[in-house]
Student: 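After the structure tokens below, expect a handful of questions from me.
Every chain is numbered from 1, with letters handed out A, B, ... down the list of sequences.
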Amino acid sequence: MYIIGIWIAAFLTLCIFSFLYKDNPFYKLAEHIYIGSSAAYMFIYVYFFDVKPMLIDKFRTSVGFDKWILIIPSLLGIIMLLRVVPRIGWISRWAIAFTIGLGSGIGIVTGVHGFVLPQIKATFVPLIVMGNWMESINNLVLIVGTLTATLYFYFSKEHKGAIRLPIRIGISLIMVAFGASFGYTVMARLSLLIGRIYFLLHDWLHLVK
Amino acid sequence: MANIKRQYIYIVIALCIIVPLLTQKIMPVRVSPPVQQAYDTMAKLPPGSSILFSIDYDPSAQPELQPMLLAMLRHAFKCNQKVIMICNWPLGFPLGQDALVSCAREYNKSYGKDYVNLGYRPGVAAVIIGIGREIRDFFTSDYAGTLLDSLPMMTNVHNSNDIALLVGIEAGATGDVWVQIANARFGQKIVLGSTAVVAPDFYPYLQAKQIEGIIGGLKGAAEYETLIKHKGGGIAGMTAQSVTHIAIILFIIIGNIGYLFLRKKR
């Protein structure tokens with residue numbers, strides 16, 4: 001069974017790689033199998049790890065308030081599915097509004113408390129660290145970088161005159177960050193390719209120990 | 001040169017990967033400070049501490065993150081820590097389970113006593129808040145339906161206070177949610193391992209001391225494998241990665257020179 005699995009995986013990998021030459025039916029076949037199996041797998045997981053234990057089993061075992069409160073999320077879930085019925089599809093907006101409201105509530109609080117404030121706090125560093133000139137340079141880059149990059153996003157005044165130079169520094173630093181991010185992305189994509197080729201050479205062809 | 005077919009570039013890249021893998025040449029791996037910090041955080045925990053592993057990726061990130069997960073699990077078991085695993089991405093569950101079972105077998109660890117897998121729950125932010133308050137609000141049982149209180153290692157684990165370290169293995173933005181809720185609200189110690197694509201997003205957290213360390217991409221996995229002295233998928237792929245990077249740099253240089261010549265001609 002394991003060997004059959006390896007052969008199927010190898011075949012589908014080669015089907016996907018065939019797109020590098022040009023689009024073809026083998027690529028389409030592998031793409032459709034991937035999408036279909038992922039959706040089915042996720043459906044089963046959501047049912048067995050979420051709907052069943054958190055809703056059905058909980059409704060059976062809970063009593064009082066804990067039991068009846070479960071009707072609200074169930075209703076919201078059903079309402080969400082009404083999108084498929086065009087005549088009453090608008091009702092699904094209630095469930096969507098609830099989800100957006102919940103997401104915004106959590107997002108705003110956690111964003112400010114967990115990201116903005118700690119990041120601002122982290123820029124409160126000494127400009128001169130006695131006996132450690134490397135840290136002094138790092139801190140200087142950090143403070144100048146934060147201020148100039150933030151200034152770039154100040155659009156109420158044309159980027160001319162006194163603010164032109166700091167904004168140029170800010171955009172240059174943003175470009176450096178984009179470059180680093182792009183470099184990391186290239187590395188990530190190559191790692192995925194290495195992983196697939198390693199699978200073909202190691203697990204399928206047994207050419208690599 | 002401007003009309004070179006892209007298929008030739010693919011062939012060169014394929015050769016740059018296949019040849020180093022076949023020759024199995026190993027390049028020395030230098031350990032970077034963020035990975036060293038992640039390793040030290042785990043190593044300094046007292047034996048028997050509970051470590052929560054969050055599997056926040058799926059098969060599309062497996063080549064990068066699976067070697068990382070294996071290396072960190074090996075380290076945790078080697079240090080006699082208790083491992084609790086959860087998944088925030090449904091398709092990550094089998095990957096986490098495979099790694100957990102194989103590493104546990106290597107170190108003779110038993111289920112329920114040394115490690116547990118609680119499975120997947122949807123709603124990342126709600127799950128993280130739940131773990132901060134009472135883990136049983138969201139996970140009444142493990143993935144197989146065994147009640148949490150009947151698992152010996154879970155009897156005293158209720159919330160973030162009982163979890164010494166969170167290890168998030170990330171392919172997306174779930175790591176941000178861990179930091180912004182679990183760390184900011186509940187003071188949870190966090191180490192993040194991530195794909196190289198999302199690693200740059202996590203560096204501000206490290207600089208602000210919101211997390212203890214970062215393991216970024218296959219390179220990070222190779223560094224961690226070097227630290228635990230166990231050659232795995234990370235180290236095996238490093239030579240191919242380096243050779244391919246050199247090839248890409250050469251392509252960029254050649255492409256730019258070609259572009260300059262073309263522009264001069266016009």
Student: Run the salt-bridge test on R136(B) and D149(B) with the 4.0 Å N-O cut-off and return the result as yes or no.
Tutor: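 A salt bridge is present here (some side-chain N lies under 4.0 Å from a carboxylate O).
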Student: Measuring heavy-atom distances to chain B, does K58(A) have an atom under 4.5 Å in its side chain, in its backbone, in both, or in neither?
Tutor: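 Side chain of K58(A) only, per the 4.5 Å heavy-atom cut-off to chain B.
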Student: Is chain A contacted by the side chain of A125(B), its backbone, both, or neither, given a heavy-atom distance below 4.5 Å?
Tutor: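 Side chain only.
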Student: Report the residue from Y57(B), F202(B), W89(B) that forms a side chain to side chain contact (heavy atoms under 4.5 Å, CB included) with E170(B).
Tutor: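 Single side chain to side chain contact (heavy atoms under 4.5 Å, CB included) partner of E170(B) among Y57(B), F202(B), W89(B): F202(B).
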Student: Which residue out of G145(B), A240(B), P122(B), G217(B) racks up the most heavy-atom pairs below 4.5 Å with chain A?
Tutor: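 Counting heavy-atom pairs under 4.5 Å, the top option is P122(B).
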Student: Answer with side chain, backbone, both or neither: which region of L20(A) has an atom nearer than 4.5 Å to a non-hydrogen atom of chain B?
Tutor: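 For L20(A), the contact with chain B is made by backbone and side chain together.
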Student: Relative to chain B, which segment of M187(A) carries a heavy atom at a distance below 4.5 Å: side chain, backbone, both, or neither?
Tutor: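 Both backbone and side chain of M187(A) come within 4.5 Å of chain B.
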Student: Return yes if a side-chain donor-acceptor contact under 3.5 Å exists between Q188(B) and N183(B), otherwise no.
Tutor: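 No, no side-chain donor-acceptor contact under 3.5 Å.
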Student: Measuring heavy-atom distances to chain A, does Y205(B) have an atom under 4.5 Å in its side chain, in its backbone, in both, or in neither?
Tutor: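 For Y205(B), heavy atoms of backbone and side chain both lie under 4.5 Å from chain A.
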Student: Kindly assign one of parallel, tilted or perpendicular to the pair F49(A) and Y120(B), based on the angle between their ring planes and the thresholds 30° and 60°.
Tutor: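 It falls in the perpendicular class, over 60°.
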Student: Look at M42(A), Q119(A), K22(A) and state which one has the largest set of heavy-atom pairs under 4.5 Å with chain B.
Tutor: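 Winner by heavy-atom pair count: Q119(A).
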Student: Sort Y10(B) into side chain, backbone, both or neither according to what part of it lies under 4.5 angstrom from a heavy atom of chain A.
Tutor: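 Contact with chain A involves the side chain of Y10(B) alone.
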Student: Using non-hydrogen atoms only, which part of A221(B) is less than 4.5 Å away from chain A: side chain, backbone, both, or neither?
Tutor: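 Contact with chain A: none, neither part.
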Student: So L166(B) and V191(B), do their side chains get closer than 4.5 Å, heavy atoms only?
Tutor: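 SC-SC contact between V191(B) and L166(B) ruled out.
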Student: Using non-hydrogen atoms only, which part of I17(B) is less than 4.5 Å away from chain A: side chain, backbone, both, or neither?
Tutor: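 Looking at I17(B), just its side chain touches chain A.
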Student: Can you label the angle between the Y198(A) ring and the H202(A) ring as parallel, tilted or perpendicular, going by 30° and 60°?
Tutor: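 Geometry flag for H202(A) against Y198(A): parallel rings.
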Student: Counting neighbours of CZ on F59(A) that are heavy atoms of other residues, nucleotides or ligands and sit closer than 6.0 Å, is the number greater than 12?
Tutor: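 Atom CZ in F59(A) is packed in, count exceeds 12.
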Student: Could you tell me which portion of S38(A) (side chain, backbone, both or neither) has an atom closer than 4.5 angstrom to a non-hydrogen atom of chain B?
Tutor: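 Contact with chain B: backbone and side chain both.
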Student: Over 60° means perpendicular and under 30° means parallel, so classify the ring planes of F93(B) and Y143(B), tilted if in between.
Tutor: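 Plane angle between 30° and 60°, so tilted.
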Student: Which region of L102(A), side chain (C-beta onward) or backbone (N, CA, C, O), has a non-hydrogen atom less than 4.5 Å from a non-hydrogen atom of chain B, or is it both or neither?
Tutor: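 For L102(A), neither part sits under 4.5 Å from chain B.
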Student: Consider only side-chain N and O atoms of S18(A) and N24(A), and report whether a donor and an acceptor are under 3.5 Å apart.
Tutor: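 There is such a pair between these side chains.
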Student: Quick check for you: among Q7(B), K5(B), R185(B), E64(B), which has the greatest number of heavy-atom pairs under 4.5 Å with chain A?
Tutor: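 Result: the option with the highest number of such pairs is E64(B).
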Student: Non-hydrogen atoms of chain B under 4.5 Å away: do they reach the side chain of I194(A), the backbone, both or neither?
Tutor: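 Both the backbone and the side chain of I194(A) come within 4.5 Å of chain B.
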Student: Under a 4.5 Å heavy-atom cut-off, does chain A meet the side chain of Q241(B), its backbone, both or neither?
Tutor: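 When you check distances to chain A, atoms from both the backbone and side chain of Q241(B) fall under 4.5 Å.
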